[in-house]
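In the text below, chain A, chain B and the rest are named by the order of the sequence lines, each starting its count at 1.
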Amino acid sequence: MVHTLTPAADLETDIDDVARLLTAGGERIPNADLDPWVRDVDAAALRALYRDMVILRRIDAEGMALQRQGQVGLWAPCQGQEATQIGSARALRDDDFAFPSYRETGVTYARGAGPEGYVRAWRGEAHSSYDPHEIGAAIPQIIIGAQTLHAVGYAMGIQRDGTDQVVATWFGDGATSQGDVSEALVFAASYGSPVVFVCTNNQYAISEPVGVQAQAPIAGRAPGFGIPSMRVDGNDVLAVYAAMRWALEHARSGKGPAFIEAVTYRMGPHTTSDDPTRYRDKDELERWRARDPLARVEAYLRTQGAFDEAFEAEVAAASDETAAAVRSTCLAMTTAPALSILDDVYAEPHAGLDEERTWFSAYLDGFADAGQEAGR
Amino acid sequence: MVHTLTPAADLETDIDDVARLLTAGGERIPNADLDPWVRDVDAAALRALYRDMVILRRIDAEGMALQRQGQVGLWAPCQGQEATQIGSARALRDDDFAFPSYRETGVTYARGAGPEGYVRAWRGEAHSSYDPHEIGAAIPQIIIGAQTLHAVGYAMGIQRDGTDQVVATWFGDGATSQGDVSEALVFAASYGSPVVFVCTNNQYAISEPVGVQAQAPIAGRAPGFGIPSMRVDGNDVLAVYAAMRWALEHARSGKGPAFIEAVTYRMGPHTTSDDPTRYRDKDELERWRARDPLARVEAYLRTQGAFDEAFEAEVAAASDETAAAVRSTCLAMTTAPALSILDDVYAEPHAGLDEERTWFSAYLDGFADAGQEAGR
Amino acid sequence: MKGLRRAMRDDDKVLIMGEDIGKLGGVFRITDGLQSEFGAQRIVDTPLAESGIMGTAVGLAYRGYRPVVEIQFDGFVYPAFDQIVSNVAKLHYRSQGTVKMPITIRIPWAGGVGAAEHHSESPEAYFVHTAGLRVVAVSNPQDAYTVLRQAIACDDPVVFFEPKRLYHAKGEVDLDGDIADAPPMGLARVARPGDDVTLLTYGAQVSTAMDAATAAEDEGISIEVIDLRSLSPVDYKTVTASVRKTGRLVVTHEAAREAGMGAELIASVTERCFYHLETPPVRVTGWDIPYPPAKLEKHHVPDLDRILDAVDRVLDRPNSLTGVEL
Amino acid sequence: MKGLRRAMRDDDKVLIMGEDIGKLGGVFRITDGLQSEFGAQRIVDTPLAESGIMGTAVGLAYRGYRPVVEIQFDGFVYPAFDQIVSNVAKLHYRSQGTVKMPITIRIPWAGGVGAAEHHSESPEAYFVHTAGLRVVAVSNPQDAYTVLRQAIACDDPVVFFEPKRLYHAKGEVDLDGDIADAPPMGLARVARPGDDVTLLTYGAQVSTAMDAATAAEDEGISIEVIDLRSLSPVDYKTVTASVRKTGRLVVTHEAAREAGMGAELIASVTERCFYHLETPPVRVTGWDIPYPPAKLEKHHVPDLDRILDAVDRVLDRPNSLTGVEL
Ligand SMILES: Cc1ncc(C[n+]2csc(CCOP(=O)(O)OP(=O)(O)O)c2C)c(N)n1
Ligand SMILES: Cc1ncc(C[n+]2csc(CCOP(=O)(O)OP(=O)(O)O)c2C)c(N)n1
Ligand SMILES: [Mg+2]
Ligand SMILES: [Mg+2]
């Protein structure tokens, strides 16, 4: 019983070995695995997904601009990944729960984060931009892969509560190397927990191409842990939406975890601190530009007569409005007082920290007395 | 492209879904994957493997006895796993390198550890029982799974040295849950390193049946990482030997890592501190006793006319001799002086520790002056 | 352990996770019988992966549960270190108080039981140095019961150290008390009053310290033994009151000295009671070495003689370092 | 970093492993150009897994290599903690000296650069408390060059902290010196001599301390600034000589206070120089909190004013805690 494997000699060139419903040109093609999951998705529904993607791209551009202008300290752009993020997150129910990574602006958007939900943390005003319990999404995780275990734990809680909620968690191709992600697969499989793993394979972990992390398609990893998986075109919002519905339904109906690899591309830098020209060439970028997730939906909707100027204008207006709200919210933010850094370390009173508060407060008072501000 | 999977609803009952060459009754059956690797294994070679297994069982029994008599602090018995350990370790070349876990007495035996190589550490005299560079085997690892990464690193060194050595590493079914083991698969696949992973699936991690760790056959995990694997009857020394030769040759010839799951059973307790009656029943034990790894080789050799009284007597004598050497070596051990606990913390002089040595030495001198021994 | 059963009964959000805690009842039998009473959904045998245990506990806490995590042995907490430091300890802060992490991490702890390597670690200082965690260490059955219940009831993550040396200790335990009536979790306990020297310690070393105090009494030296119980925060009120009285301080623990708990205690006491100190405070700790082999551990774990030697030192009596330059 | 190139040239057993260190040259460009010079076998881009990096480094060391491991940011060393504590630190001891672990762990370190969470950690005390490791922290380009070469040449594992705040610091570096001629890795450096107060620090805080000393000079206070360089072992000869001279001690670091490096320094100095101390030593550290958001970090990282306030305290001059009870 030798388990051999068709090794993907070059994972990058293998990007067409994916389940797909809309071609890059906007043609709707059949797919037996996915079709059943989008029977009810009509033009209106697809327009809504398109609208979300445009708004997301606009928020993302605004984030980049705010960073360039020194208004936020860092930004991790998601351009190119709109279909993956919107397609997956929009398939969740309101009472499901999301565990995203730092790049999932589209997930926090779809979960209902307000304008400040995108920028407070990147601006450095706080570590979190929203209350997780309000929008059903955890604080985006920076420790690579750690959130996948949190997702499984949350799903274990759901099992104990006996509800039919599902948890979804997002992580990158790079994250699949982290022990935590494999452990999350083990725990989820062991307990049959209602959790959907969404691996955003955007071809890079900062500068490292996916081939450093994986010598076989990432979706192929899950079955070895006992978890069914699907590899989907991450630039095809309809396919991602369909796959996610399959996965969610699998989990919701008590069949246990499911795994999706969305094959996409990070069009921008890793973050605003990154210089991707050092490690990838223009050609590659252009090849992926031709697969743009927004363009293909637009093309398809046009063939359906469901894309007109009025719609375009409405979407543009909504995008501008959202972006403007993000900007004004960002600019209006004020920084908390010095002493607040000692807040919320503990939920209950803590003698040691209370004492430090006394000292720090006395120290700050000295400046106040001298009419100065501490910490120039 | 839904990757579905045939889930092994009950991994324990699935123990016959393995590659095998000798049945429990000692019948030699063909196996297309394995046969090519044991064409040269004649009766003499098989007798040698049998002899090793008998000696190993005897060493193991001696270890148990020494523990019961208070001569070693703890013992992790390997009874039942002789075929897995001997079959795999004997396939190595002398200049290959082994990274075993604490239970691989058979591996350290096959690598050439002398009598004190089994007991010094268990007796609590030192943390290591032999010099790894002398026998080509690392110190057995207690931190579950950690050694698999060391093995990959060593194999990376081999690649840089340009030799055709191979590294093998042993770990349990429980260990497959540890992030480190998955990371080791990732690194090995990424670099195509010459390392063979040997997972001893002995059905238990202490009290937890393998189903807690894995919902699908463990061998199926490796291909998802791009590593070919084989699931083999771990109580069939010939099958294990064959599989290991396949894996070693795969790695030695530059094709990268390989993975073997040896399906076997821990007949004894986890360690001498364990009470397996709390978590498993007699029937299961009896079922496995019928698959004894030694008995089937004996039966087969008998059918070949290669098992006679002279051989039996020679093996028994060799076993007794080895066991006696282990015992006498153990009993003859003396404990190092108190001050020695500060040795070898660093390879180079260390001001802090040198100072502690001065203090401790002065302290010990005080007792010496008083004609007492420190630390009653 | 009766504290676990009681906490499980009191609050159905409490669940216990760990390796071999179900049928086996844990390698120390602490959870013996609990799975039959509470079922496998609340007494959860986990896969063999400490980061996985800790990470899923974080998720359960997100969901409103109060996981009690058993780490099988002290030396196996390190694979979970990232989840503890970056998530368990920080999530309440990172979320501006919107996400609570009422996780109790039980760690069978420290040496002196002749164990194999990695089974006798004293990692408490790592956690004390980690803001966002509370750290407690128990020294007797009553505290094992009461403080554990308090830890589980606490809305913050608590690292709970249980000395392996004391698993067989027997003692009267008041099972019925209300934890609200017990001394709060953060308070130290004067285990034995005395006038000449303050001896600070915690965990299994408390009983060694008590023995030392008894032995010293014969020589007319009166030692005040303080059982810290809480290592973070430290109850400096109790500690400094004692040092102000005695003017002499010895700290003993099993963990290594460098940047250990003793360093924290001496630094803080010196900052606060400098002018009350008659002599320099002294640490009696494990050496700065990996835990030694079982046969040699008696030379590592501070015993009565080494403690008394330090007591002699703070009392300016002849001792092993007399004449040795520091 | 020139020290890396030099070490790579000097010894072909040296190799560098880490995330994004190849084509990208590391997120801080420290390994820029090295892959073109030494190839992908010696400048190894690794999968994204710190335990994997550290564990394979252990195996490489077993094989006779001298891996230099880059941890991308301080906050990402925790997933490697188990491999560091249980294997890197202990293998030489566990193997009775037969297995050497000449691994250098480079960690871009600490805050003050406006980074996102987990990118400004000061985990040095964890490693100082771990026997078997050596820990160094550099404060200037010359040490970054020389001490790094020494660390790589050392047969023991060395955790090497590089302050991110100083990556852009420029300075004259003598590239040709023999490391054998340089002061040994374990020695501290008197960065600025002074008579009234000893100010101990390391890493990026050295420059803040120097600024404080300059400012104090205007008020007629003479501060001796000591750059520890080595945190384990600490060069207590240099430290105690200074304290014996000044009689007053301030320690400053960015890491949290509880069981931090400052605790170790104050405890050890008090043990050794108690009778020379005129006033209680004082720590000026980060608060015992997770690293705060970027906009507020200036209130956390001790600055010149907080250091001077502590200097006032050890000099019995009016200070922020005058009248506040400790
Ligand atoms: C534990 C850990 N190690 C390293 C990093 C630094 N880091 C941040 S993002 C990143 C790459 C992540 O790649 P991937 O998982 O593919 O996600 P992507 O950024 O492409 O969305 C790295 C190495 C980190 N955040 N956490
Ligand atoms: C990191 C870590 N966690 C927990 C343990 C405690 N422990 C020792 S052996 C063991 C079970 C191991 O099971 P498996 O990997 O199947 O190997 P086996 O003992 O069956 O040979 C456990 C949990 C450990 N040694 N290391
Ligand atoms: Mg990526
Ligand atoms: Mg097992």
Pick from [options] with the largest number of heavy-atom pairs that fall under 4.5 Å of chain D:
options	answer
C:A256, C:P123, C:S51	C:A256
C:V251, C:V269, C:V128, C:D288	C:V128
C:E117, C:E50, C:M261	C:E117
C:T270, C:V234, C:T240	C:T270

Distance-minimising heavy-atom pair for [X] and [Y]:
X	Y	value
D:P290	C:A131	N-CB, 3.8 Å
D:S86	C:G75	OG-O, 4.3 Å
D:A259	C:A125	CB-O, 4.3 Å

- prompt: So, D:E271 and C:R313, do they make that salt bridge, N to O below 4.0 Å?
  reply: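 So D:E271 does not pair with C:R313 through a salt bridge.
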
Sort [X] into side chain, backbone, both or neither according to what part of it lies under 4.5 angstrom from a heavy atom of chain D.
X	result
C:V85	side chain
C:S122	backbone
C:Q96	neither
C:E121	side chain
C:L277	both
C:P292	both

field: With C:N87 via side-chain hydrogen bond (donor to acceptor under 3.5 Å, both in side chains) - residues at least two apart
entry: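 Testing C:N87 for side-chain hydrogen bond (donor to acceptor under 3.5 Å, both in side chains), a comparison that skips the adjacent residues, returns A:Q141, C:R94.
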
query: What part of D:S268 lies closer than 4.5 angstrom to a heavy atom of chain C: side chain, backbone, both or neither?
result: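 Looking at D:S268, backbone and side chain both touch chain C.
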
- prompt: Where on D:E278 is there a heavy atom nearer than 4.5 Å to chain C: the side chain, the backbone, both, or neither?
  reply: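 Backbone of D:E278 only, per the 4.5 Å heavy-atom cut-off to chain C.
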
- request: Begin from the C-alpha positions of D:T130 and C:Y126 and carry the test side chain to side chain donor-acceptor pair (under 3.5 Å) through to its verdict.
  value: CA-CA 9 Å; D:T130 306; C:Y126 298 136; 2.6 Å; yes

Can you tell if the side chain of [X] reaches within under 4.5 Å of the side chain of [Y], non-hydrogen atoms only?
X	Y	result
C:D82	D:F76	no
D:K90	C:H118	yes
C:P79	D:F81	no
C:Y93	D:Y291	no

task: Dump the intermediate steps for side-chain contact (heavy atoms from CB on, under 4.5 Å) on D:Y275 and C:T279, then the final yes or no.
output: CA-CA 8 Å; D:Y275 299 105; C:T279 55; 3.5 Å; yes

query: From D:E258 CD over to C:E264 CD, what is the distance, rounded to the nearest 0.5 angstrom?
result: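 So the CD of D:E258 and the CD of C:E264 are separated by 5.5 Å.
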
- prompt: Which of the residues D:G262, D:S232, D:A80, D:P293 is involved in the greatest number of heavy-atom pairs with chain C at under 4.5 angstrom?
  reply: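 Top option by heavy-atom pairs under 4.5 Å: D:S232.
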
message: Once side chain to side chain contact (heavy atoms under 4.5 Å, CB included) is applied, do any residues pair with C:A267, and if so which ones, sequence neighbours excluded?
response: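 So C:A267 forms a side chain to side chain contact (heavy atoms under 4.5 Å, CB included) with D:A263, D:I266, D:R283.
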
